Amino acid sequence: MSGDDSGAGLRCLVTGATGYIGGRLVPELLAEGHRVRCLARSPGALRDHPWAGDVEAVRGDVTDAASVAPAMRDVDVAYYLVHALGTGKDFEETDRRAARIFGEQARAAGVRRIVYLGGLTPVEVPEEELSPHLRSRAEVGRILLASGVPTTVLRAAVIIGSGSASFEMLRYLTERLPVMVTPNWVNTRVQPIAVRDVLRTLVCSARMPDDVNRTFDIGGPDILTYRQMMMRYAAVAGLPRRLIVPVPVLTPTLSSHWVGLITPVPRSIARPLTESLRHEVVCHEHDITRYVPDLPGRPIAFDESVRLALQRVREARVATRWSSASLPGVPSDPLPTDPDWAGGSLYTDERERTVDASPEALWRVIEGIGGENGWYSFPLAWAARGHLDRLVGGVGLRRGRRDAARLRVGDSLDFWRVEEIEPGRLLRLRAEMRVPGLAWLEMCVDTDDDGTVRYRQRALFHPHGLLGHAYWWSVSPFHAVVFGGMARNIALTAARTAPRAVPGSAPAG
């Protein structure tokens, strides 16, 4: 990247561009005339974003100094929007190491400013009493502030926006439970903020004066208990008034299981969210207005932020979701038929069907799979597999889809993730459920020389150890029902929704 000092446009590095906030920040920076470079472990996951052609995508990881150093070259502002939550019990050490590397490389490259989005913490609570999630966020902020690069640390509590984990948790709890027994944290006061206000503050923070190196609390105009948030959500969504009965016996662990049972948010994410609600999280200053002045109607009130989020959900215009980022620790090994695959055991299940429909009709069915449309197979088997996955800490089936009709590389799709998509021809999914190995599912549209349309389906499993082999052979008896039924029903659905015209026939009517 190259730039000038005229103020016309800054050179920005965005980490976490595959995630919820990062994926929305990039187009906002571009709209302001800035140039953007994205650092991602898998740059290909950015390929299908509408803004992908307008950014420079580089491969790297914030825990790897050798990849961070070149990414920082010629950068004015570096956005730190990643965290190691979910990588295991040592995630705090991973966060600590990554923040140090990021700060050191930013200073070495002459970066003018670091901008970090962290979590709002209560000032009267000793840090050792905070949840590990909030404690780590606070420590990362301190490390970046001490890096020698002027740093803006923005601390937000609950972010309300279509697809955010906090909003999805609020939405599903309120919509699914007209009467609910809840943990005591529903009476904790929080200060939610609309995602639009978060993005505006992130963008404006790029141009803070060089002498600003501090933390800012950011929040919306409303201070509410979680109970009040659920009640007001119900009112905005047109739902009957909810009956909420708090009880003292639900610990953070039990709360995370409860949230995981009712909502699409898995326990690994629900736990830090619920733990963060044990203490009051309210802004203790509003100094950010010195550099990001409030505008008419800004910050957005809670009810309006809910209305905007619901509108996006109902119109299927959710740009990113909490599940947009790939799960930490999920392997990115090559597909076991790629030239660079290291070899080993590989199990496959292949199916093929002739389809009495156009290639376009068959593709529409394939691209619409999952979420509300289901998997065109034995529903009970898929539901049982999803419940089992959640019981062992996986994501289960309820992540659904970002868009009801369209997929892009990197999208989460229930307990799969879109690894490759060739519109009209190929959809390849990588499993993110808990299995002792690596699993893929491919769905293809082929047309023979004589014009015959064929649906080809391939499931692949690369086992890890003896347990992996045992897993495959234990589930293989059900493949005829699950995978065979899927192939048959996808072909039938395509033919039923758009039967192929007989050559030479005239259209009816």
Side-chain angles (χ1 to χ4, degrees), residues 15-16 18-22 39-41 60-65 67-68 78-107 114-149 151-159 164-166 169 185 214-215 217 251-257 259-260 265-281 322-323 325-331 393-395 434:
T15 61
T18 58
Y20 178 73
I21 293 293
L39 177 69
R41 292 192 303 268
D61 190 298
V62 289
T63 61
D64 175 24
S67 63
V68 174
Y79 285 90
Y80 193 79
L81 303 174
V82 296
H83 59 88
L85 184 67
T87 59
K89 294 181 179 180
D90 60 346
F91 80 90
E92 290 182 85
E93 173 55 32
T94 303
D95 270 339
R96 188 178 302 122
R97 185 174 73 255
R100 286 174 180 159
I101 289 172
F102 196 81
E104 290 167 359
Q105 296 305 320
R107 183 178 68 251
I114 294 172
V115 181
Y116 167 58
L117 178 62
L120 189 58
T121 57
V123 295
E124 71 281 0
V125 178
E127 192 165 295
E128 60 270 16
E129 295 182 15
L130 296 176
S131 69
H133 164 65
L134 282 182
R135 188 169 60 238
S136 181
R137 290 293 186 93
E139 183 182 18
V140 167
R142 288 197 305 274
I143 291 172
L144 296 176
L145 287 167
S147 66
V149 178
T151 297
T152 301
V153 174
L154 304 175
R155 306 195 312 168
V158 173
I159 296 177
S164 77
S166 296
M169 190 171 105
W185 51 252
R214 57 162 292 184
T215 294
D217 292 353
T251 65
T253 299
L254 290 175
S255 293
S256 64
H257 283 284
V259 171
V265 181
R267 189 172 73 244
S268 59
I269 295 177
R271 175 155 188 166
L273 290 177
T274 55
E275 284 181 334
S276 300
L277 293 169
R278 287 186 301 162
H279 304 293
E280 182 176 280
V281 278
W322 60 269
S323 57
S326 59
L327 292 177
V330 171
V395 295
R434 298 293 182 92

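As the structure is a prediction and not an experimental result, all values here were calculated from the model.
Atom CG of L154 sits about 10.5 Å away from atom OH of Y116, to the nearest 0.5 Å. For the atom pair CG (D217) and CG (L120), the distance works out to 5.0 Å, reported to the nearest 0.5 Å. Between T152 atom OG1 and L145 atom CG the span is 8.5 Å, to the nearest 0.5 Å. Once rounded to the nearest 0.5 Å, the distance linking CZ of R97 with CD1 of I143 reads 11.5 Å. The OG1 atom of T151 sits 12.0 Å away from the OH atom of Y80 when rounded to the nearest 0.5 Å.
Between the side chain of T15 and the backbone N or O of Y79, at least one donor-acceptor pair lies under 3.5 Å. Looking at R41, its side chain never comes within 3.5 Å of a backbone N or O of D61 through a donor-acceptor pair.
Side-chain contact check for S136 versus E92: some heavy-atom pair is nearer than 4.5 Å. With a 4.5 Å cut-off on side-chain heavy atoms, S164 and V158 do not count as touching.
Minimum interatomic distance between A40 and T18 (heavy atoms only, all atoms of both residues): CB-CG2, 4.4 Å.
If you check the side chains of T121 and R155, you find a donor sitting under 3.5 Å from an acceptor.
Test E127, E129, E128 against V125 for side-chain contact (heavy atoms from CB on, under 4.5 Å) and you get one pass: E129. Checked options V153, V82, D95; the residue passing with V140 is D95 (criterion: side-chain contact (heavy atoms from CB on, under 4.5 Å)).
With salt bridges taken as basic N to acidic carboxylate O contacts below 4.0 Å, one links R96 and E93.
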